[in-house]
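Letters go in sequence order (proteins before strands), and every chain restarts at 1.
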Amino acid sequence: MKRTKIKQALNAVSPMDDILVKGWVRTKRDSKGFSFVELNDGSCLGNIQAVVDHTPEIEAVLARVGTGASVAVAGALVESPGKGQKWEIRGRSIELIGEADQETFPLQKKRHSDEFLRTIAHLRPRTNKYGAVFRIRSELAQAVHKFFADKGFFYIHTPIITGSDCEGAGEMFRVTSLPAGSSLPPEEDFFGKPSQLTVSGQLNAEMFALSLGDCYTFGPTFRAENSNTPRHAAEFWMIEPEMAFADLADNMELGEEMIKRLVGHILEHCAADVDLFAKWVDKDLMPTLETLLNEPFVRLSYTEAVDILKKTKHPFDYPVEWGIDLQTEHERFLCEEQFKKPVYVYDYPKTIKPFYMRLNDDDKTVAAMDCLVPRIGEIIGGSQREERLDVLTARMDEMKLNKDDYWWYLDSRRFGTAPHAGFGMGFERMLMLVTGVANIRDVMPFPRTPNSLEF
RNA sequence: UCCCCAGUAGCUCAAUAGGCAGAGCGGGUGACUGUUAAUCACUAGGUUCGCGGUUCAAGUCCGUGCUGGGGAGCCA
């Protein structure tokens, strides 16, 4: 007989004479003459309860069935006479597939701390909370692709290994095939030059925006920064759309539409899992998601933001002056206290932003934008790109970048250049936003952070 | 990388002023004919993170290292 997934069984509309389910035992309760066995197979948050009467053969099996064991139960799907569930399985047979030693199996039936579960990252998806996290993660990734596909964006696979320190966005991981401890020069290495793991697919994506129109990348990126915070990981996934013939306003509009669509999709498709987070992880999750969905995002120029920060009575550790980069405390004040909703800050001083952002007519600011959301901080960072060759090369000279390294990037401005804009969204931060999970390590299957590479 | 806090049973934690190492949960054994984190009884379980020091005596005080958490910087 073919296995029925528990999600299907729990959604049944009528009883079934024959059903076979397989899964992991969440809890077993014995009575005299029969036992309750609750199974979860990961297909959904809910467990299905099987009731098995004791026979000598079944008792022999049940003696070895404990929390965490994998089993197959065959029987009939019937309406449950007990409270708490609509359906249950009246078991005719139970087969032990994989035993779990009760002395050493680390997952209990009660709640564990996130810190402890991180030390058993290989087993934590078997818990309710982490099962829910990773079902939502999967659904969110699908929703990203659906959003862009619906809008006619093309999905571009930009390279993971890169040869140029593009952007200068933080420390990069070196890639080499030279033997450990080798003192050979980069010319002798695999690519004949230094190579690194990418920190962003943006520069490559720009080439495709200036060819296919609207496109996006969605893949892993790597930062070798020794940053130890609940919002950073050394390996994380980033979504980077890039649009031709678009400006900064189009860019902000796309970001807002995207966040609203993703939130709406998760509320619609992962209701049971989201409820778990609203109930146990973040009491304010539902109001937060409602705000994201229904409230228009604030749009505020950097200059206006500085004015607000200078006028408020709220004390800051870092004094505010036009020209400084906004500190975490400033960003949090703006979106958590001043407006209590997502805030776009745009037109930043050029001195604190990278070379590729489009210079505004004031010659002091660039067409950059950050989207700040409560609790997470910056979830989107983007800009209109500098499409004018002379302005772009002048900026590169100012910042002492070697133009030869960017010859192909500059070609796009030599031949048929066009205004274009794009941004990067941290996928894990989006996931933290929709689940209320506070630590990025807890929305990643096997998180990579400084001094942490166990799994 | 900097600042702050913590580390005691498998897990979550307690231990008065420096004076006998404790509880709940989990595990094991048994009871119970409809349980829902089942319940009840009994029971086993410890290098108090490592190293060094102070003291008659250290889980507790001092130094140092490691690990984890929170905050900051950097960023998505």
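Atom CZ in Phe36(A) sits roughly 9 Å away from atom C1' in U33(B) (whole-Å rounding). What separates CD1 of Ile440(A) from P of G69(B) is a distance of 13 Å, to the nearest Å. We find that NZ of Lys279(A) is positioned 10 Å from P of A37(B), with the value rounded to whole Å. Distance Ile239(A) CD1 to A76(B) C1': 10 Å, rounded to the nearest Å. Between Trp87(A) atom CH2 and G34(B) atom P the separation is 23 Å, expressed in whole Å. If you measure from atom CG of Leu45(A) to atom C1' of A37(B), you get 15 Å, rounded to the nearest angstrom. In this structure, CZ of Phe34(A) is placed 15 Å from P of A31(B), rounded to the nearest angstrom.
Asp30(A) comes within 4.0 angstrom of a nucleotide base, judged by non-hydrogen atoms across all strands. Base engagement by Lys110(A) is indicated by at least one non-hydrogen atom pair under 4.0 Å involving a base atom. Using a 4.0 Å heavy-atom cutoff across all strands shown, Pro81(A) reaches at least one base atom of the nucleic acid. Across all strands, Phe423(A) comes closer than 4.0 Å to no nucleic acid atom at all (heavy-atom distances). Among the atoms of the strands shown, base atoms are found under 4.0 Å from some heavy atom of Gln85(A). Among the heavy atoms of the strands lying under 4.0 Å from Gly82(A) is at least one base atom, whether or not backbone atoms are also near. Using a 4.0 Å heavy-atom criterion, one finds that Ser113(A) contacts the sugar-phosphate atoms exclusively. Counting non-hydrogen atoms under 4.0 angstrom, Phe236(A) reaches a base of the nucleic acid. Residue Thr27(A) is in sugar-phosphate contact alone, with no base atom involved, counting any heavy-atom pair closer than 4.0 Å across all strands shown. Looking at heavy-atom distances under 4.0 Å, Ile380(A) makes contact with sugar-phosphate atoms alone, never a base. Residue-level contact check: Glu235(A) touches neither bases nor backbone, having no heavy atom under 4.0 Å from any strand. Contact annotation for His232(A): base contact, defined as any heavy-atom pair under 4.0 Å involving a base atom. Asn228(A) comes within 4.0 angstrom of a nucleotide base, judged by non-hydrogen atoms across all strands. When heavy atoms are screened at a 4.0 angstrom cut-off, Arg111(A) is found touching no nucleic acid atom at all.
Under 3.5 Å, the side chain of Glu88(A) and the base of G34(B) form at least one donor-acceptor pair of N or O atoms. With hydrogens and angles ignored, no donor-acceptor pair closer than 3.5 Å exists between the side chain of Arg231(A) and the base of G71(B).
No close placement of the Tyr155(A) and Phe218(A) rings is indicated, their centers lying 6.0 Å or farther apart.
Comparing atom distances between the Tyr318(A) side chain and each of G34(B), G28(B), A72(B) picks out A72(B) as nearest. Comparing A76(B), G71(B), A72(B) by their nearest atom to the side chain of Arg429(A) picks out A76(B). Out of G70(B), C75(B), C74(B), the shortest distance to the side chain of Glu331(A) is found at C75(B). When distances run from any side-chain atom of Ser31(A) to the nucleotides C75(B), G34(B), C11(B), the shortest one goes to G34(B). Across C74(B), C75(B), U33(B), the shortest atom-to-atom separation from the side chain of Arg223(A) is found for C75(B). Considering only side-chain atoms of Gln108(A), the nucleotide from C25(B), G28(B), G34(B) that sits closest is C25(B). In the set C75(B), G68(B), U1(B), G68(B) carries the atom at the smallest distance from any side-chain atom of Arg118(A). If you check U12(B), G68(B), C75(B) against the side chain of Glu115(A), the one that comes closest is G68(B). When distances are taken from the side chain of Glu378(A) to each of G28(B), U35(B), A76(B), the shortest belongs to A76(B).
Toward the 5' end of RNA chain B, the nearer of the two residues Glu428(A) and Thr67(A), judged by each one's closest nucleotide, is Thr67(A). When each of Arg332(A) and Ala233(A) is assigned the nucleotide of RNA chain B bearing its nearest heavy atom, the one mapping closer to the 5' terminus is Arg332(A).
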Side chain to side chain contact (heavy atoms under 4.5 Å, CB included) evaluation trace for Leu117(A) with Thr127(A)
CA-CA 9 Å; Leu117(A) 291 170; Thr127(A) 65; 4.2 Å; yes
Take Glu225(A) and His232(A) through the test side chain to side chain donor-acceptor pair (under 3.5 Å) and record every step on the way to the result.
CA-CA 9 Å; Glu225(A) 291 289 349; His232(A) 292 85; over 6 Å; no
Side chain to side chain donor-acceptor pair (under 3.5 Å) between Thr221(A) and Arg223(A), worked out:
CA-CA 7 Å; Thr221(A) 50; Arg223(A) 305 277 167 95; 5.3 Å; no
Any chance you could lay out the salt bridge (charged side-chain N to carboxylate O under 4.0 Å, His left out) test for Asp442(A) and Arg124(A), step after step, and finish with the verdict?
CA-CA 10 Å; Asp442(A) 298 332; Arg124(A) 67 180 179 168; 3.2 Å; yes
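At least one test fails for Lys310(A) against the ring of Trp322(A): distance under 6.0 Å to the centre or angle within 45° of the axis.
Using the Watson-Crick or G-U wobble rule with both distances under 3.5 Å, G18(B) pairs with nothing in any strand shown. The partner of G24(B) is C11(B), judged by Watson-Crick or G-U wobble contacts that both fall below 3.5 Å. For U1(B), the paired base is A72(B) (Watson-Crick or G-U wobble, both distances below 3.5 Å).
Taking the 5.5 Å centre cut-off and the 30° plane limit, the aromatic side chain of Phe427(A) is not classed as stacked on A76(B).
Contact check on Arg231(A) versus Glu428(A) returns no salt bridge, with no Lys/Arg side-chain nitrogen under 4.0 Å from an Asp/Glu carboxylate oxygen.
A distance of 10.0 Å separates CG of Leu123(A) from NE2 of His112(A), quoted to the nearest 0.5 Å.
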